[in-house]
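What follows is a short report on a single structure.
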Amino acid sequence: MTTDYNPKAIEKKWQNRWAEDGLYEVNEDSSKPKWYALTMFPYTSGDLHIGHWYAMAPSDVHARFKRMQGFNVLHPMGFDAFGLPAENAAIQRGIHPYKWTMQNVENMRRQLKSIGAIYDWRREVITCQPKYYKWTQWFFLKLYQNGLAYRGKAPVNWCPNCQTVLANEQVLGSGGCERCSAVVIRRDLEQWFFRITKYADELMQHEGIDWPERIKIMQNHWVGRSDGTEISFSLDHQAVNESEIRVFTTRPDTTFGVTFMVLAPEHSLVTQLTTSEKKAEVEAYIAKSRRLTEIERLSTEKEKDGVFTGAYVTNRLNGDKVPIWIADYVLLGYGTGAVMAVPAHDERDFAFAKKYNLPIRVVIAPPDWQGQDLEEAYIGSGTMINSGQFDGLSDEKGIEAISDFLAERGWGGRTVSYKLRDWLISRQRYWGAPIPIIYCDGCGIVPVPEKELPVLLPEDAEFKPTGESPLKYNEQFVNTTCPQCSGKAKRETDTMDTFMCSSWYFLRYTSPNTDNMPFDENNIRYWMPVDLYTGGAEHAVMHLLYARFFTKAIRDIELVEFSEPFNRLFNQGIIIAQKQKMSKSKGNVVNPDAYVGELGADAVRTYLMFVAPWEQGGEWNDSGISGISRWFNRLWKLVINNYKAKNENTNKELKRKLHQTIKKVTDNLEAIRFNTMISTLMEFTNYLGTIKKAGSITAGEWRQSVETLLVLLAPTAPHLTEELWQRIGNSYSIHNHPWPVWDEELTKDEVITLVIQINGKMRDKLLAPASITEEEARHLTLSRQKVKTYIDDKTITKFIYIPKRLINLVVK
RNA sequence: GGGGAAGUGUCGGAACUGGCAGACGAGCAUGAUUUAGGAUCAUGUGCCGAAAGGCGUGGGGGUUCAAAUCCCCCCUUCCCCA
């Protein structure tokens with residue numbers, strides 16, 4: 001039976017067979033080492049594009065490799081199914097979010113199956129299903145009971161178009177909404193928060209986990225720990241109870257240079273402090289700054305402006321009266337919402353002082369400074385001056401000395417500040433997990449009892465084009481009774497940020513059908529933590545930081561025993577087309593289904609891995625994928641057509657090439673270097689091609705070589721190899737075949753090429769046995785005719801010999 | 001402005017701890033074969049040069065017997081943050 005390679009037919013055939021046999025069903029098995037290979041689950045957008053393939057196909061290859069190596073491999077798949085687009089579809093097209101989402105799931109599941117991955121669909125997780133979000137709510141209650149969830153008022157990013165709160169990460173650099181681009185404004189709302197800041201320091205520690213350096217750096221920037229000093233300025237004001245205003249600074253050594261103070265416009269003391277003649281001006285300024293986004297306020301492009309409140313504080317170190325200003329470059333949420341301004345030594349303060357003609361007092365002497373006015377802020381180091389008893393100290397020593405001095409007198413001291421803020425999880429939306437909280441006039445905030453979970457989303461919700469949450473107006477949902485006093489009460493109508501759903505889905509895969517707990521303890525102990533987590537780098541600070549926080553939080557609640565969910569993280573790059581990111585508007589979107597239909601899933605999988613290093617991302621190119629197709633066709637014929645041996649002696653070179661190939665393919669897979677792994681397999685195929693023509697190995701060697709090649713290629717091209725495996729008369733399934741091992745001794749070359757350089761330039765080559773000594777090499781080199789013409793009448797001043805590599809003669 | 005990654009043929013990309021630059025694939029060229037197909041096979045393909053040879057990894061300098069790889073300065077691109 002010799003037919004042509006027909007990927008369409010064989011792929012369908014084997015996918016059906018594998019599904020029928022449950023070949024990839026995975027169960028806990030303590031007799032095998034486990035391997036948890038996780039790919040970030042996709043959002044239910046409706047269509048599996050080439051970017052999904054780029055994320056999923058290579059990770060499946062790696063998981064299959066581990067499986068063949070004898071690991072019990074969990075490589076699950078599911079759907080991140082809550083989120084705004086489903087709700088927009090409901091508003092625009094009148095289709096219920098659940099229906100829209102599940103239709104998308106159907107389609108994407110079908111497309112996912114065409115990849116030919118080892119997903120065990122019995123373990124599928126869909127976050128919008130009640131059996132899943134019941135446990136999302138349960139975790140909320142656990143966090144609440146343990147003081148890690150709280151309700152608070154806070155200025156939030158509000159998109160007037162979507163009518164919802166956005167996380168900082170969801171606001172574009174331009175200050176627009178991530179989804180609709182409308183200008184985001186600031187607004188105060190009662191919200192639910194998770195106390196992620198409690199874990200700020202632990203989140204900056206990545207010891208013991210193998211993550212890309214740049215992701216760790218990005219997370220640490222996001223947490224933004226800054227060690228500094230808090231300084232109290234005394235306040236004496238009849239309208240205000242407080243007797244001080246505290247500021248945070250990393251430069252307490254410049255405290256004698258403070259010439260004004262700046263408060264955030266939202267600072268709680270501003271209204272009381274403002275004098276009557278300044279009131280109108282201040283109020284106008286506050287109104288103006290409310291319209292600006294945080295990004296705009298902090299932008300270095302924007303000129304710093306502000307308003308004097310008419311009030312003063314006193315600098316305790318030198319008794320100076322310091323005027324209090326407000327300016328929008330100071331944020332309430334960072335530090336104390338107040339900064340001491342030292343124009344001589346801070347760029348922003350300098351610009352501000354120049355603009356409003358405020359004094360500039362130098363307290364750190366710049367090099368060669370003669371007392372003249374500064375042209376610009378001096379932010380470098382130097383000796384303290386104009387600082388009373390601290391004069392003469394270096395700025396470094398001054399930081400210590402002043403901090404200590406303040407601490408002794410109770411005027412402040414060393415402290416730590418973070419950029420990280422608590423995680424705001426409330427969303428004024430329908431399509432998310434409802435926050436399981438009830439508000440009772442008598443009892444206050446009452447958590448929904450566990451036995452009443454899940455708090456279901458009402459099916460009869462009405463989706464208004466205004467975008468307001470339908471839950472708010474659903475009487476049946478809102479009105480309830482208090483679990484404590486049985487009186488009339490109202491439900492929380494906000495739902496949870498979908499990052500909450502994705503903070504624990506990897507736990508659910510271990511026990512997707514456990515119904516009395518979110519997961520089975522034994523299964524968690526068996527599978528977790530994830531051994532290899534792969535996905536896009538765009539999740540560096542959001543999902544990955546939240547998932548780490550969540551894990552640490554439930555560790556402290558004693559639900560799990562580990563601190564880090566993902567041992568090794570790997571970020572794949574982005575697949576582009578025609579030098580650009582793919583997008584519908586550019587019309588350069590590559591549709592994987594079309595290529596799968598024509599050239600096969602195996603070719604698409606292989607091409608995506610071959611095109612470039614996975615972490616780098618690559619450009620889709622039609623002639624590139626046809627190169628893979630050609631290789632498969634050649635391989636097909638090579639294996640199918642009979643081999644005629646013209647030699648009965650075993651071939652040492654073949655054995656060496658075979659073992660070198662096994663070694664390189666294995667090492668490359670382990671290191672996640674798929675492109676070179678594939679080129680190694682191509683080289684071996686080409687080598688077998690020349691062997692076949694010559695008939696230079698025995699029939700037994702031929703069979704062994706072909707079988708090994710198929711096994712090595714099996715993770716990459718699972719359908720093609722299964723078909724050929726069967727056609728050469730081997731038993732089903734190649735995917736249960738153990739991974740080949742190599743013999744290090746057999747990989748070593750017996751004959752080596754020594755490169756001969758003269759003065760560092762390559763002039764000649766020498767074939768020699770690997771066992772050659774330096775003396776022999778020198779002798780052989782000097783007797784070469786070509787070498788003689790170069791050294792001629794010159795003298796050899798140096799003879800460099802690098803065993804098995806080269807000889808370099810330095811001549812004069 | 002700060003942080004990170006990267007610059008290698010016509011293109012995607014190889015090159016282990018410094019040791020033959022350009023593996024593998026694409027493209028192109030020539031030839032073979034064929035019931036003109038985006039098939040298959042063979043050969044060639046960094047640049048200059050007739051050749052000998054010389055020059056070549058963004059640019060400039062340095063270390064070294066030897067640099068794509070290490071160090072310093074500069075330029076460009078991309079990503080993240082402000």
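Atom set for the values below is all heavy atoms of this structure, side chains included, hydrogens, waters and symmetry mates excluded. Throughout, protein chains are lettered first and strands after them, A, B, ... in sequence-line order, and every chain is numbered starting at 1.
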Once each nucleotide of nucleotides 28-56 of chain B is scored for protein heavy atoms under 4.0 Å, what B/S/- sequence comes out, 5' to 3'?
------------SSS----------SSS-
Residues A:Trp631, A:Leu681; criterion side-chain contact (heavy atoms from CB on, under 4.5 Å); working and verdict
CA-CA 10 Å; A:Trp631 172 39; A:Leu681 290 172; 3.8 Å; yes
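- In this structure, A:Thr753 and A:Gly627 both approach RNA chain B, and ranking their closest nucleotides by distance from the 5' end singles out A:Thr753.
- Note: CD1 (A:Ile215) to C1' (B:C79) measures 11 Å, nearest angstrom.
- Across the protein-nucleic acid pair, A:Glu538 atom CD and B:C81 atom P stand 12 Å apart, rounded to whole Å.
- Put simply, CZ on A:Phe799 is 19 Å from P on B:G19, counting in whole angstrom units.
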Where do A:Asn571 and A:Arg214 land on the side-chain hydrogen bond (donor to acceptor under 3.5 Å, both in side chains) test, with the steps shown first?
CA-CA 10 Å; A:Asn571 296 117; A:Arg214 60 190 207 97; 5.0 Å; no
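- In RNA chain B, consecutive stretches of 3 or more Watson-Crick or G-U wobble pairs with both distances under 3.5 Å are given as paired ranges: B:1-7 with B:75-81, B:10-12 with B:24-26, B:27-32 with B:40-45, B:46-48 with B:53-55, B:58-62 with B:70-74.
- A gap of 12 Å separates the C1' atoms of B:G7 and B:G59, to the nearest Å.
- Comparing B:U10 with B:C47, their P atoms are spaced 7 Å from each other, to the whole Å.
- Remark: C1' of B:A23 and CG of A:Asn668 are 12 Å apart, rounded to the nearest angstrom.
- Within the 4.5 Å cutoff, side-chain heavy atoms of A:Phe610 are placed close to those of A:Ser679.
- Spacing of C1' atoms, B:A26 relative to B:U45, comes out at 13 Å, to the nearest Å.
- Each of B:C20, B:G27, B:C80 was ranked by its minimum atom distance to the side chain of A:Met762; first place goes to B:C20.
- Across B:A15 and B:A68, the matching P atoms stand 15 Å from one another, rounded to whole Å.
- Near RNA chain B, meaning a heavy atom under 4.0 Å from it, residues 766-776 of chain A has no residue at all.
- Comparing the P positions of B:A6 and B:G56 gives an interatomic distance of 25 Å, to the nearest angstrom.
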Distance-only donor-acceptor hits, side chain of residues 795-804 of chain A, under 3.5 Å, sequence neighbours excluded:
{"from": "A:Thr797", "atom 1": "OG1", "to": "A:Val810", "atom 2": "O", "distance (Å)": "3.1"}

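- Base orientation of B:G9: syn, since the glycosidic angle falls within 90° of 0.
- Sorted by first and then second residue, the ring pair (Phe, Tyr, Trp, His ring centres under 6.0 Å) pairs with a member in residues 665-685 of chain A read A:Trp614-A:Phe674; sequence neighbours excluded.
- Here A:Glu213 pairs with A:Lys216 under the salt bridge (charged side-chain N to carboxylate O under 4.0 Å, His left out) rule; sequence neighbours left out.
- Geometrically, A:Arg548 engages A:Trp211 in a cation-pi contact defined by less than 6.0 Å to the ring centre and at most 45° from the axis.
- B:A66 and B:C20 have their P atoms separated by 15 Å, given to the nearest Å.
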For every nucleotide of nucleotides 10-17 of chain B, 5' to 3': is a protein heavy atom under 4.0 Å from its base (B), only from its sugar-phosphate (S), or from neither (-)?
--BSSSB-
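- One interatomic measurement links the two molecules: CE of A:Met218 to P of B:A5, which rounds to 12 Å at whole-angstrom precision.
- When the salt bridge (charged side-chain N to carboxylate O under 4.0 Å, His left out) test is applied to A:Arg251, the partners found at least two apart in sequence or on another chain are A:Asp253.
- Under the salt bridge (Lys or Arg N to Asp or Glu O under 4.0 Å) criterion, the residue pairs touching residues 670-696 of chain A are A:Lys66-A:Glu670, with sequence neighbours excluded.
- Sorted by first then second residue, the salt bridge (Lys or Arg N to Asp or Glu O under 4.0 Å) pairs that include residues 612-627 of chain A, not counting sequence neighbours, are A:Lys579-A:Glu619.
- Separation of the P atoms belonging to B:C11 and B:G58 is 13 Å when rounded to the nearest angstrom.
- The pair A:Lys786-A:Asp764 fails the salt-bridge criterion, with no side-chain N (NZ, NE, NH1 or NH2) lying under 4.0 Å from an Asp/Glu carboxylate O.
- Listed by chain and residue number, A:Trp702 satisfy the ring-ring contact (aromatic ring centres under 6.0 Å, His included) test with A:Tyr643 (two or more places apart in sequence, or in another chain).
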Would you sort out whether A:His206 and A:Gln219 count as a side-chain hydrogen bond (donor to acceptor under 3.5 Å, both in side chains), showing the intermediate values?
CA-CA 10 Å; A:His206 300 86; A:Gln219 291 203 338; 2.9 Å; yes
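- Of the charged side-chain nitrogens involved, at least one lies within less than 4.0 Å of a carboxylate oxygen, so that A:Glu745 and A:Lys748 count as a salt-bridged pair.
- The separation of B:A23 from B:U76, taken at their P atoms, amounts to 32 Å, rounded to a whole angstrom.
- Atom NE2 in A:His539 sits about 15 Å away from atom C1' in B:C80, given to the nearest Å.
- Taking the six-membered ring where the residue is Trp, A:Trp423 and A:Phe549 present perpendicular rings, their angle passing 60° and hence far from 30°.
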Got a list of protein N/O to nucleotides 61-70 of chain B N/O distances below 3.5 Å?
{"from": "B:C65", "atom 1": "OP1", "to": "A:Lys798", "atom 2": "NZ", "distance (Å)": "3.1"}
{"from": "B:C65", "atom 1": "O2'", "to": "A:Asn808", "atom 2": "ND2", "distance (Å)": "3.1"}
{"from": "B:C65", "atom 1": "O2", "to": "A:Asn808", "atom 2": "ND2", "distance (Å)": "2.7"}

Please step through ring pair (Phe, Tyr, Trp, His ring centres under 6.0 Å) for the pair A:Tyr54 and A:Trp620, ending with a clear verdict.
CA-CA 11 Å; A:Tyr54 198 54; A:Trp620 183 271; 9.5 Å; no
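- Note on A:Asn571: every side-chain N or O is 4.0 Å or more away from OP1 and OP2 of B:C79.
- Look at CD1 on A:Ile678: it is 14 Å from P on B:A26, rounded to the nearest Å.
- Between A:Ile625 atom CD1 and B:G25 atom C1' there is a gap of 13 Å when expressed in whole angstrom units.
- Salt bridge present: A:Arg225 and A:Asp201 bring a charged side-chain N and a carboxylate O closer than 4.0 Å.
- The pair A:Arg727-A:Glu723 counts as a salt bridge, with a side-chain nitrogen and a carboxylate oxygen less than 4.0 angstrom apart.
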